[in-house]
Colleague: 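First the structure, which I've put down as structure tokens, then a few questions once you've had a look.
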Amino acid sequence: MSSNAAIARRLALMAQMLDLLGEDSFRSSAHARASRAIEDWPADLHAIVRENAAGDTAKARLMEIDGIGAKMADKIIEFVRTGRIAEGDELAARVPQGLLELLRVPGLGPKTVRAMWTELGIVDVASLKAKIADGSLRSLPRMGQKAVDKIAASLDLLGEADRRLHIGPASVIAESLVGLMKSIPGVADAAYAGSLRRGRETVGDIDVLVATGDPAAARAAGEAFRTMPGVTTVLAAGESKSSVRVAVARDARWDDGQSADAAGGGQTVQVDLRIVHPDAFGAALMYFTGSKEHNVAMRQRALSMGLTLNEYGLFPEDSASTEPPQSRGVRPIAARTEQEVFAKLGLPWIPPELREGQGDVASHVAPRQIAELVDVPHIRAELHAHTTASDGVLSIIELATRAKARGFHTIAVTDHSRSSTIARGLDSGRLREHIKAIHAARQQIDGITILAGSEVDILADGSLDYDDDLLAQLDIVVASPHAALSQDPATATARLLKAIQHPATRILGHPTGRLVLRRQGLEPAMDELFAAAAEHDVAMEINAHWMRLDLRDTHARRALELGCMLAINCDVHSPGDYDNLRFGVMTARRAGAPAGRVVNTLDHDTLHKWLRREVRLSPGASEAARGGTPAVAPKTAPATAAKAAKPRVRSKKP
DNA sequence: GCCGTTTTCGGCCCGACTGTTTTCAGTCG
């Protein structure tokens, strides 16, 4: 767990314990909000506290984060210095820790769990099961047999509900469902929303929106949704909202048997369907895309303009009425498209990837920066691909043909180096032959340049896996860590720095080696890597495979701030891997990356000059700051290099 | 516990669904 995640988790637990104790709910939500703010914060809070040894400086820096006030900053500092938060320990002493597990049961919230605890002495899953068995759970207020049955069923699925799903398989489910909905007569439109649309690397559920003004079509859509293939449970079935759980297909390449649960069953994911009128589709899409923080900020912005915003549209605010405007027949000012709602709020259309509530609604998101954000059509080259020579399934020609069909001008063949024995890495002799084969393939296909490269292992000591003479013969070297991924941070930092400094290295491939939801990977000092990469003009890769997404969004944002170039590569092993490009692009967009900072968007000549080190592209930290990237700065720039990049979003206390 | 172009006190987003109720509390997103 990264250090920010540890702090975030502690504060989230405190929020839950406050709830269970029946304390002020706003105090609880303040802790929950702080937790979310920290979890997504791009800079390492431990570093901020350590680097600002004077307590007041660290505190001031922390308080620049939206949602962190004086007391929360003190708690963070205390946690960094001692590994504990005294107030959290006191709460933990008052709350049976088994109750926290109960909060994860779908349908059980703090009020109910608190009642179970105080009325019936339930303190954990076991005692809850006992009270269900002896029938005493029914004695709680508003606790009927149906509710008891539901809780009993949920208990069996405990742990499943909060398992997150990779963006790759989630997209497959969402897109097939959107297709199904659009095929229903009378359905005007359908789209997925939620964290999937924002391009988060994992999602907790899938939200799909259907637009229709026809009640019969609405009923048909709901029915089709609840009976589609893969549905294991129907959780809710209303007129405008249904929820189901759907079985997730397993992925052969990454399936190591661990994804099945103890009972041998597969993973499921919750899918929510909302049916709205076409006239309100934009407002609904906006609402269900989130994030929660973004929505709160948007609503607050609306209120400050004398308007009120909900999933039915943007309305004039009428504080005299308690009934919502759409129920009173008030016509919305804007509702049909997202664009018009943003416009009426005086904002440019903010791409979903930037709607994380980190200042995106505040005034400093410039239309120009949004326009410059990298997008899939900008990508003109794939610089990390494998063939049958190592662990790919395509030949050189097949690889190039598919790249050309996508409109790419360059494809780099980068098979594994000799130390990656499991991936059939090439020894020096095979690599020499492979280079010849690539040169021969060039003669067989027009309209695309095939580069002879290698994905060279960064060995545990930071040296590269071939000798310098051989490396010098390659058109491109992607240097990547594959083994020794449990090194301590200091060793990992030195290792990767050495690889960046090697004159042959052009791209640092999947820099941490993490696998999403599977493996933590290396935890080097990212700022040091990015500074070195900017200096040596090495591009930092965003590996687009949904299992890797390495660099992750927050790291990529930091890399841009420190003046690095990025590379977005599919790490192609099979034909379908080219389709992962969008996940890498979304990750880059979440980092605020302009197309001009991604080497894969370069025209042919510039790219090849860069590969030959005839031009330098990395702007470096000071230039990057002047360039105003990334598109959305956090509330304040998290560390020194970016401090000059942006004015503060808004100053808090003087 | 946080926050401020209504503010340093008094607010804090808003609606659907469920299951339990004859009008609503709790959960969820």
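Chain naming here is simple, since letters A, B, ... match the order of the sequence lines and numbering starts at 1 in each.
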Colleague: With sequence neighbours excluded, what pairs up with Lys150(A) under the side chain to side chain contact (heavy atoms under 4.5 Å, CB included) test?
Modeller: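 Once residues adjacent in sequence are excluded, Lys150(A) has no partner under the side chain to side chain contact (heavy atoms under 4.5 Å, CB included) criterion.
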
Colleague: Check the phosphate of dG26(B) against Lys111(A), side-chain N and O only, distance under 4.0 Å to OP1 or OP2. Yes or no?
Modeller: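 True: Lys111(A) side-chain N/O within range (under 4.0 Å) of dG26(B) OP1/OP2.
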
Colleague: For nucleotides 21-23 of chain B, which of its nitrogen or oxygen atoms have a protein nitrogen or oxygen under 3.5 Å away, and what is each distance?
Modeller:
none

Colleague: What pairs meet the salt bridge (Lys or Arg N to Asp or Glu O under 4.0 Å) rule with one or both residues in residues 130-147 of chain A, with sequence neighbours excluded?
Modeller: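 Residue pairs passing salt bridge (Lys or Arg N to Asp or Glu O under 4.0 Å), neighbours aside: none found.
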
Colleague: Which listed nucleotide (dG29(B), dT20(B), dG1(B)) is nearest to the side chain of Asp272(A)?
Modeller: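 The answer is dG29(B), which lies nearest to the side chain.
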
Colleague: Listed by chain and number, what are the side chain to side chain contact (heavy atoms under 4.5 Å, CB included) partners of Asp272(A), not counting sequence neighbours?
Modeller: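 By the side chain to side chain contact (heavy atoms under 4.5 Å, CB included) rule, Asp272(A) matches Asp205(A), Asp207(A), Ser243(A), Gln270(A).
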
Colleague: Reckon Asn310(A) touches a base, only the sugar-phosphate, or nothing at all at heavy-atom distances under 4.0 Å?
Modeller: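 Sugar-phosphate contact only - Asn310(A) comes under 4.0 Å of backbone atoms but never of a base.
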
Colleague: Which heavy atom of Thr289(A) sits nearest a heavy atom of Pro352(A), and at what distance?
Modeller: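 Minimum heavy-atom separation between Thr289(A) and Pro352(A): CG2-CB, 4.1 Å.
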
Colleague: Just to be sure I understand the rule, does Lys292(A) reach a base, reach only the sugar-phosphate, or reach nothing, if contact means heavy atoms closer than 4.0 Å?
Modeller: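 Base, at least one base atom sits under 4.0 Å.
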
Colleague: Out of dG1(B), dA16(B), dG19(B), which has the shortest distance to the side chain of Lys241(A)?
Modeller: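 Taking heavy atoms from C-beta onward, the closest nucleotide is dA16(B).
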
Colleague: Between dT18(B) and dT23(B), how far apart are the C1' atoms? Round to whole Å, please.
Modeller: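 Result for the C1' pair: 15 Å, nearest Å.
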
Colleague: Between the base of dG29(B) and the side chain of Tyr287(A), is there a donor and acceptor pair under 3.5 angstrom?
Modeller: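 Checked by distance alone, the answer is yes.
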
Colleague: Going by distance alone, is a donor N or O of one side chain under 3.5 Å from an acceptor N or O of the other, for Ser195(A) and Arg200(A)?
Modeller: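 There is no such pair (donor and acceptor under 3.5 Å, judged by atom type) between the side chains of Ser195(A) and Arg200(A).
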
Colleague: With a 4.0 Å cut-off on heavy atoms, is Pro110(A) in touch with a base, just the backbone sugar-phosphate, or nothing at all?
Modeller: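 Here Pro110(A) touches the backbone only, sparing every base.
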
Colleague: Looking only at atom C1', what distance separates dT5(B) and dG1(B), rounded to whole Å?
Modeller: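 The answer is 24 Å between these two C1' atoms.
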
Colleague: For dA16(B), does OP1 or OP2 lie under 4.0 Å from any side-chain N or O of Tyr312(A)?
Modeller: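 The answer is yes; a side-chain N or O of Tyr312(A) sits under 4.0 Å from OP1 or OP2.
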
Colleague: Between dA25(B) and dT20(B), how far apart are the P atoms? Round to whole Å, please.
Modeller: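 Straight-line distance between the two P atoms is 16 Å.
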
Colleague: Please determine, for the side chain of Asp205(A), which listed nucleotide (dT18(B), dC13(B), dG29(B)) has the closest atom?
Modeller: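 So the side chain of Asp205(A) is nearest to dG29(B).
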
Colleague: For the pair Arg114(A) and Glu119(A), find out whether any cationic side-chain nitrogen is under 4.0 Å from an anionic carboxylate oxygen.
Modeller: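 Not counted as a salt bridge, because no side-chain N and carboxylate O are separated by less than 4.0 Å.
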
Colleague: Is there a residue in residues 112-129 of chain A whose heavy atoms reach under 4.0 Å of DNA chain B, and which residues are they?
Modeller: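 Correct list: Thr112(A).
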
Colleague: With heavy atoms under 4.0 Å as the rule, sort Glu23(A) into base, sugar-phosphate or nothing.
Modeller: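 It contacts nothing in the nucleic acid.
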
Colleague: Distance between the C1' atoms of dC12(B) and dT22(B), in whole angstroms?
Modeller: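 Rounded to whole Å, the distance is 32 Å.
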
Colleague: Determine the interatomic distance between C1' on dG11(B) and the same-named atom on dT6(B); round to the nearest Å.
Modeller: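 Approximately 11 Å lies between the C1' atom of dG11(B) and that of dT6(B).
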
Colleague: Fit a plane to each ring of His294(A) and Phe342(A), take the angle between them on a 0 to 90° scale, and name the class: parallel (under 30°), tilted (30 to 60°) or perpendicular (over 60°).
Modeller: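 It falls in the tilted class, 30° to 60°.
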
Colleague: Does Thr308(A) reach a base, just sugar-phosphate, or nothing at all? Heavy atoms under 4.0 Å.
Modeller: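 The answer is sugar-phosphate, as Thr308(A) gets under 4.0 Å only of primed atoms, P, OP1 or OP2.
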
Colleague: Atom CD in Glu338(A), atom CG in Leu285(A): separation rounded to 0.5 Å?
Modeller: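 Answer rounded to 0.5 Å: 4.0 Å.
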
Colleague: Just wondering, do Phe26(A) and dC2(B) stack (centres under 5.5 Å, planes under 30°)?
Modeller: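 Taking the rule of under 5.5 Å and under 30°, the ring of Phe26(A) does not stack on dC2(B).
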
Colleague: With respect to the side chain of Arg299(A), which nucleotide from dG1(B), dC13(B), dG19(B) is positioned closest?
Modeller: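 The answer is dC13(B), which lies nearest to the side chain.
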
Colleague: Report yes if the side chains of Phe583(A) and Ser171(A) come closer than 4.5 Å at any heavy-atom pair, otherwise no.
Modeller: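 Side-chain contact under 4.5 Å: yes.
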
Colleague: List the residues meeting side chain to side chain contact (heavy atoms under 4.5 Å, CB included) with Ser25(A), not counting sequence neighbours, and say none if there are none.
Modeller: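 If we apply the side chain to side chain contact (heavy atoms under 4.5 Å, CB included) test to Ser25(A), skipping adjacent residues, there are no hits.
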
Colleague: Heavy atoms under 4.0 Å, any strand shown: does Ala237(A) hit a base, just sugar-phosphate, or nothing?
Modeller: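 Contact class for Ala237(A): sugar-phosphate only.
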
Colleague: My understanding is that a pair needs two contacts under 3.5 Å, Watson-Crick or G-U wobble. By that rule, which nucleotide pairs with dT8(B)?
Modeller: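 Result: none.
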
Colleague: Counting heavy atoms from C-beta on, name the nucleotide in dG1(B), dC3(B), dC13(B) closest to the side chain of Asp24(A).
Modeller: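 Per side-chain heavy atoms of Asp24(A), the pick is dG1(B).
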
Colleague: Within the structure, does a side-chain N or O atom of Arg27(A) lie under 4.0 Å from either OP1 or OP2 of dG1(B)?
Modeller: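 Yes, within the criterion.
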
Colleague: Do any side-chain nitrogens or oxygens of Ser29(A) fall under 4.0 Å of OP1 or OP2 in dC12(B)?
Modeller: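 For Ser29(A), the contact criterion (side-chain N or O under 4.0 Å from OP1 or OP2 of dC12(B)) is not met.
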
Colleague: Taking only the P atom of each, what is the distance from dG26(B) to dT21(B) in whole angstrom?
Modeller: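 Taking atom P in both dG26(B) and dT21(B), they lie 13 Å apart.
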
